Amino acid sequence: MVQLEADIRELIRQAEKIHRLSEDEIVRLLRAADAEEALAAAADRVRAAYVGDGVHLRGLIEFSSYCRRDCLYCGLRRSNSKAERYRLEAAEILRLARQAKAFGYHTVVLQSGEDLYFTAERLAEILRAVKKLDLAVTLSLGERSYEEYRLLREAGADRFLLRIETSDAGLYEQMDPGMRWEERCRCLQDLRRLGYEVGTGCLVGLPGQTDVSLARDILFFQQLDADMVGIGPLIPNGDTPLATAAAGDFHLTRRMVSLIRLLLPEANIPATTAMETLQPDARVLILQSGANVVMPNVTEGEARRKYALYPGKACVADTPAACRHCMEGKIQAMGRYVAKDQGFRQHRK
Ligand code: SAM
Ligand code: SF4
């Protein structure tokens with residue numbers, strides 16, 4: 001057992017008890033490599049107390065790899081001429097949603113690049129069909145106007161995932177050329193006003209990102225009262241301007257996940273594929289460090305391979321059925337269970 005400094009132990013105790021820390025205190029914990037296990041243990045207790053032992057499986061459908069944006073880190077960026085582009089037909093999306101339902105998933109996540117071929121009207125039609133399957137639906141398709149978000153919400157979308165990537169406005173605008181930090185915040189506010197469950201998150205390991213900015217990311221999520229927070233390490237993609245960047249640090253990302261659980265105890269927190277890509281079986285470790293959600297991929301065949309955000313994506317060669325069984329086995333081996341409900345955030349007060 002590592003002997004932690006008394007004040008580090010005290011900070012973890014405070015976070016576990018009152019779920020509040022200052023920016024400086026978060027930075028101290030992010031920098032305390034030897035506090036990682038104690039942080040994870042505290043986060044695991046808070047996870048058990050607030051969201052229980054159920055692990056929510058959300059079936060991920062990657063329905064288009066077209067993107068009008070040019071984020072420096074992402075394989076789907078429009079300038080990546082090597083990216084293989086595809087769009088799934090509405091009927092195929094619906095078939096995958098049925099498949100997800102048959103696997104026992106209670107949510108599907110419809111994710112894509114920012115592809116304006118999928119107008120709000122087209123998406124609304126797809127949503128209405130998917131909602132007939134009695135599934136919760138999360139959208140993750142980037143920035144749209146208030147009016148478009150409204151149409152999608154009315155068509156049945158329950159949740160929306162839109163990561164801020166970083167709360168450092170200057171770094172954000174450098175990493176996502178042509179995008180504006182204020183616009184990102186506008187989208188999150190609109191989604192909140194429209195009654196979506198709001199999911200956000202950040203990348204760990206962007207060039208120029210500091211521990212202070214990561215601490216501010218967490219405070220941003222807390223201030224937003226995010227319903228979901230997804231954290232992943234940057235995985236450099238050789239076909240992007242960040243080809244030679246270092247990958248995000250696995251342990252720092254794990255400390256981020258634990259701190260987010262401690263400071264946003266009710267949030268749904270996924271153990272992300274990017275973590276698994278850095279280290280085999282990472283999702284199990286992250287589920288034991290504060291997370292309570294996994295998003296197994298239900299995209300099939302060529303599309304699964306072509307949705308290449310970064311190289312070496314975990315499970316890319318597996319079938320959706322294999323993913324389903326593999327995840328269930330791992331969850332049971334941890335003494336946890338696959339949740340049977342749609343996994344909306346439960347407010348404790
Ligand atoms: N286009 C939508 C958007 O950006 O919100 C949704 C899809 S986008 C591919 C989903 C997330 O993938 C992004 O928010 C980003 O954090 C993550 N991502 C993209 N490239 C990545 C990389 N090289 N390493 C790790 N995560 C990456
Ligand atoms: Fe497009 Fe999203 Fe990738 Fe940015 S992160 S290039 S918006 S798919």
Side-chain angles (χ1 to χ4, degrees), residues 58 60-87 109-118 123 138-144 149 152 159-167 171-181 183-185 187-188 191 196 198-207 209 214 217 221 226 228-250 253 256 270 272-278 282 295 297 299 303-304 306-314 316:
R58 326 263 206 217
L60 178 64
I61 301 175
E62 296 157 336
F63 68 92
S64 168
S65 68
Y66 284 88
C67 189
R68 65 179 170 134
R69 304 293 192 184
D70 223 11
C71 307
L72 298 192
Y73 41 81
C74 178
L76 302 191
R77 65 198 303 268
R78 67 165 186 265
S79 305
N80 181 10
S81 55
K82 292 202 185 140
E84 297 179 69
R85 308 290 175 176
Y86 70 90
R87 285 186 183 110
V109 182
L110 301 183
Q111 193 181 78
S112 67
E114 286 204 16
D115 181 3
L116 297 184
Y117 164 84
F118 284 99
L123 287 165
T138 305
L139 296 178
S140 172
L141 44 83
E143 297 185 7
R144 297 281 174 129
Y149 286 147
L152 299 174
R159 314 186 175 113
F160 205 104
L161 286 179
L162 188 74
R163 288 185 177 178
I164 53 163
E165 317 296 359
T166 170
S167 59
L171 181 61
Y172 175 81
E173 292 178 6
Q174 195 189 327
M175 289 294 127
D176 295 0
M179 299 179 80
R180 285 178 40 245
W181 165 251
E183 186 61 8
R184 204 69 171 175
C185 294
C187 289
L188 290 170
L191 292 165
Y196 283 89
V198 178
T200 186
C202 63
L203 280 168
V204 176
L206 290 169
Q209 193 178 38
L214 286 172
D217 293 354
F221 305 147
M228 298 171 278
V229 187
I231 302 296
L234 170 79
I235 305 195
N237 182 325
D239 299 328
T240 67
L242 297 195
T244 57
D249 183 80
F250 182 87
T253 313
M256 280 290 285
T272 56
T273 310
M275 285 301 264
E276 187 95 359
T277 301
L278 279 191
M295 290 160 54
N297 199 339
T299 319
R304 193 176 173 106
K306 289 180 183 169
Y307 196 82
L309 311 181
Y310 46 77
K313 206 163 141 198
V316 80

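Just follow the structure's listing: the first ligand is 1, and inside any ligand the first atom is 1. Since the structure is predicted, the reported quantities are computational estimates derived from the model, not experimental observations. Throughout, numbering of the chain's residues begins at 1 and tracks the sequence.
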J.: Just need the protein heavy atom nearest to atom 11 (C) of ligand 1, so name the residue and atom and give the distance.
T.: R163 NH1, 4.5 Å
J.: Taking distance alone, with N or O pairs closer than 3.5 Å, would you say Y73 contacts ligand 1?
T.: yes
J.: So which protein heavy atom does atom 13 (C) of ligand 1 come closest to, and at what separation?
T.: E165 OE2, 3.3 Å
J.: Which ligand 1 atoms, with their elements, are less than 4.0 angstrom from a heavy-atom of C74?
T.: 19 (C), 20 (N)
J.: For atom 2 (Fe) of ligand 2, is the nearest protein heavy atom closer than 4.0 Å?
T.: no
J.: May I ask you to identify, for L203, whether its side chain, its backbone, both or neither come under 4.0 Å of ligand 1 on a heavy-atom basis?
T.: side chain
J.: Mark whether atom 26 (N) of ligand 1 lies under 4.0 angstrom from at least one protein heavy atom.
T.: yes
J.: Hey, mind stepping through F63 and T299 against side chain to side chain contact (heavy atoms under 4.5 Å, CB included) and telling me if it holds?
T.: CA-CA 8 Å; F63 68 92; T299 319; over 6 Å; no
J.: Judging by distance only, is a nitrogen or oxygen of G113 under 3.5 angstrom from one on ligand 1?
T.: no
J.: Can you report which non-hydrogen protein atom sits closest to atom 8 (S) of ligand 2, along with the distance?
T.: G113 CA, 3.6 Å
J.: Do the charged groups of E165 and R69 touch, with an N to O distance under 4.0 Å?
T.: no
J.: In terms of residue, atom name and distance, what is the protein heavy atom nearest to atom 6 (C) of ligand 1?
T.: S112 O, 3.3 Å
J.: Could you tell me, atom by atom, which parts of ligand 2 come under 4.0 Å of a heavy atom of C67?
T.: 1 (Fe), 6 (S), 7 (S), 8 (S)
J.: Got the closest protein heavy atom to atom 10 (C) of ligand 1, with its distance?
T.: Q111 NE2, 3.8 Å
J.: Is P233 touching ligand 1 with its side chain, its backbone, both, or neither, if touching means heavy atoms under 4.0 Å apart?
T.: backbone
J.: For ligand 1, is any non-hydrogen atom under 4.0 Å from Y310's backbone (N, CA, C, O), its side chain (CB onward), both, or neither?
T.: side chain
J.: Looking at R77, which atoms of ligand 2 are within less than 4.0 Å of one of its heavy atoms?
T.: 6 (S)
J.: Stepwise, does the ring-ring contact (aromatic ring centres under 6.0 Å, His included) test hold for Y66 with Y117?
T.: CA-CA 9 Å; Y66 284 88; Y117 164 84; 8.5 Å; no
J.: From C74, does some N, O or S atom reach closer than 2.8 Å to atom 4 (Fe) of ligand 2?
T.: no
J.: Near Y307, which atoms of ligand 1 are under 4.0 Å from a heavy atom of that residue?
T.: 7 (C), 9 (C)
J.: Any non-hydrogen side-chain atom of F160 less than 4.5 Å from a side-chain atom of L141?
T.: yes
J.: Considering non-hydrogen atoms of the protein only, which is the closest contact for atom 23 (N) of ligand 1, and what is the distance?
T.: I235 O, 2.8 Å
J.: Identify the heavy atoms of T272 and G232 that sit nearest to each other, and give their distance.
T.: OG1-CA, 3.9 Å
J.: Considering the heavy atoms of L309, write down every atom of ligand 1 situated less than 4.0 Å from one of them.
T.: 9 (C), 12 (O), 23 (N)
J.: Backbone, side chain, both or neither: what part of F160 comes under 4.0 angstrom of ligand 1, heavy atoms only?
T.: neither
J.: Kindly compute the distance separating OG (S112) from CD1 (I61), expressed to the nearest 0.5 Å.
T.: 12.0 Å
J.: Within the 4.0 Å heavy-atom shell around R184, which atoms of ligand 1 are there?
T.: 5 (O)
J.: Taking the basic N atoms (NZ, or NE/NH1/NH2) and the acidic carboxylate oxygens, is any pair closer than 4.0 Å for R304 and E62?
T.: no
J.: Can you report which non-hydrogen protein atom sits closest to atom 4 (Fe) of ligand 2, along with the distance?
T.: C71 SG, 2.3 Å
